[in-house]
Amino acid sequence: MIGLRVAMFVCGVSSAFSLSLMGELFWAELLLPLVALIVLIARPPRALFANGTFRLLMLGVVLLLLGYLIADLVAGTPRDMYLRGWARVVVLGTNAFSLCVAGYTDRRSLWAFCVGVGLGGIALAGLHGVPLSQWKLGYGGPSAMAATSFAGLLPPWMASLAVGALGGISMLLDYRSLGALLMLVALAVFLRARNVELRRLWRNLPLILVGFGVVAIVAIRLMEVSQDQNMLRREVSDVSRFASLRIGVRAIADSPLMGRGSWGQGTQDYADMLYDETVDDMLAAGAGDMLRRGEAFNAHSQILQSWMEGGLLAASFFIIYIVALIRSLYYQALARPVDYLTPLALYVMVNSLWHSVMSPFLGSHRLTIALGVAFLVVLSAEVRSRATAGQKTAAAPLLTRQPANLMR
């Protein structure tokens, strides 16, 4: 399995580098299918194809593609646009399938991939001379991936402190969402280290409430400290983001079943609506030079964008995906034993959940979504394995009982 882990680390590093093929394509998206093919030939993980979560999510990808196909044919989307739109979904599917194959064969390969993603992103930002002040567009995401990966090698209390500290730094450097997510991950790791479990939830409720209170107070204070130098960017971001969400919901309400086609074809009216709803606030914030009247509307939300472009069929994937993420987070926060994957898996899940609602369905988010799918599938197998081991343990003589091996 060492060879697979090294190959996945290389794939992770290559995810920071892209080339242009009908749009932006990352090198990892070319290498991952090759790695998966080699694994399928050498040691196929047959149990993967019987995994219910895997089959449901792959069905969701098929529905996503079908939704875009139908919407583009009905809308008469130009050929170059619909080919790019369909390719985006196909590549998402191959990314997710390949990561599932590797992770199901050896889940440490997912850890190696994430280490590569983190270190590769940090190296690229350094090579381009990105200053730390551009944390959100440079070092932030890769640093979070690397930190949560390596935090799993530390004692849980130390991992909680390290991840929480990086969250605080991200807040100060104006990456508010990342800072909040890392602080929540740190709190979850701390609670799991304190053995807060489902059956002890009410007994530990005061500790949980205090933990959330501390995170909220620290986050608010850090945002206040960094408010002066980041006020304009934050105002512009808040105004445009929430207006996009409102208008995205409106666009879906106008056509809940049928999408308008790839890349927001035929959404000029909603683009004008976004301009009209934000112009006054943008001018008041002194950001009039950032105003643009676009020809197409982007809801800046993966589920809303896919629904608007590909209709309800396309949105079905993200509905399945979001429900699965919430269920998995519940399991991780209240039932899963702490191991080397705990901080990373929690971060991947909360990050994926945030992006599915608050980030566009574009570029590197294909890999983010695919990684979330892979962790969902691997952890679902773990839940089933624990349940089976628990049943066997309950039926075994007392002297032969052993805990399930969760470190594979």
Side-chain angles (χ1 to χ4, degrees), residues 12 107-108 110-122 125 132 135-136 138-197 204 207-223 225-226 325-326 328-355 358-359 368 371-372 375 378-379 406-407:
R107 64 183 198 159
R108 283 194 177 94
L110 284 183
W111 182 87
F113 177 79
C114 292
V115 171
V117 170
L119 297 183
I122 293 170
L132 281 177
W135 186 255
K136 183 171 185 176
Y139 298 96
S143 296
M145 190 69 79
T148 52
S149 298
F150 289 120
L153 306 179
L154 302 173
W157 66 268
M158 193 178 295
S160 179
L161 286 177
V163 173
L166 183 61
I169 292 170
S170 297
M171 282 279 190
L172 290 173
L173 294 174
D174 199 33
Y175 200 164
R176 294 173 294 170
S177 60
L178 180 65
L181 295 179
L182 287 172
M183 288 183 183
L184 289 175
V185 170
L187 175 61
V189 173
F190 170 76
L191 292 175
R192 293 302 297 123
R194 299 278 302 190
N195 205 28
V196 174
E197 297 179 342
N204 290 283
L207 177 63
I208 296 172
L209 293 176
V210 169
F212 275 106
V214 170
V215 167
I217 292 170
V218 171
I220 291 170
R221 180 56 185 156
L222 289 173
M223 284 194 292
V225 169
S226 58
L325 286 171
I326 293 171
S328 184
L329 276 170
Y330 181 78
Y331 159 67
Q332 289 185 69
L334 295 175
R336 185 178 185 274
V338 178
D339 67 1
Y340 70 98
L341 273 183
T342 298
L344 176 60
L346 284 166
Y347 171 69
V348 168
M349 293 296 174
V350 297
N351 190 51
S352 298
L353 186 59
W354 168 265
H355 286 309
M358 300 297 288
S359 294
T368 302
L371 187 60
F375 269 93
V378 169
L379 293 183
L406 299 175
M407 297 299 291

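Here, residue 1 is the first one in the sequence, and each next residue gets the next number.
Between S352 and Y347, the closest side-chain pair of non-hydrogen atoms is not below 4.5 Å. Within the 4.5 Å cutoff, the side chain of L178 has heavy atoms near those of the W135 side chain. Contact check for L173 versus K136: no side-chain heavy atoms found under the 4.5 Å cut-off. Counting only heavy atoms from C-beta outward, the side chains of P142 and L119 never approach each other to under 4.5 Å. Counting heavy atoms from C-beta outward, M171 and M183 have side chains that approach closer than 4.5 Å. Between M145 and V115 the shortest side-chain heavy-atom distance does not fall below 4.5 Å. Counting only heavy atoms from C-beta outward, the side chains of F190 and L161 never approach each other to under 4.5 Å. Within the 4.5 Å cutoff, no side-chain heavy atoms of V189 are placed close to those of V338.
In this structure, W354 has no side chain to side chain donor-acceptor pair (under 3.5 Å) partners at least two apart in sequence or on a different chain. Partners of S328 under the side-chain contact (heavy atoms from CB on, under 4.5 Å) rule, at least two apart in sequence or in another chain, are Q332, M349, L376, L379. With sequence neighbours left out, A186 forms a side-chain contact (heavy atoms from CB on, under 4.5 Å) with S160, V163.
The shortest heavy-atom contact between L154 and A162 is CD1-CB, 4.5 Å. The two residues A159 and A151 make their nearest non-hydrogen contact at CB-O, 3.2 Å.
Every pair passing salt bridge (charged side-chain N to carboxylate O under 4.0 Å, His left out) that includes a residue from residues 151-174 is listed here, sequence neighbours excluded: D174-R233, D174-R234. Sorted pairs that involve residues 138-165 and meet salt bridge (charged side-chain N to carboxylate O under 4.0 Å, His left out), not counting sequence neighbours, are lacking altogether. For residues 138-156, no residue pair satisfies the side chain to side chain donor-acceptor pair (under 3.5 Å) rule, not counting sequence neighbours.
Considering L346, V350, L166 as possible partners of L182, the one that fulfils the side chain to side chain contact (heavy atoms under 4.5 Å, CB included) test is L166.
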TODO: Step by step, work out the side-chain contact (heavy atoms from CB on, under 4.5 Å) result for F375 and L344.
DONE: CA-CA 10 Å; F375 269 93; L344 176 60; 3.9 Å; yes

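Rounded to the nearest 0.5 Å, atoms CG (L334) and CG (L191) are 8.5 Å apart. How far CD1 of I217 is from CG of L222: 12.0 Å, rounded to the nearest 0.5 Å. Taking CG of L325 as the reference point, atom CG of N351 lies at 10.5 Å (rounded to 0.5 Å).
With Y340 as the aromatic partner, R108 meets the cation-pi criteria of under 6.0 angstrom to the ring centre and within 45 degrees of the ring axis.
Under the 3.5 Å distance criterion, with hydrogens and angles disregarded, a donor-acceptor pair is assigned to the side chains of R336 and T342.
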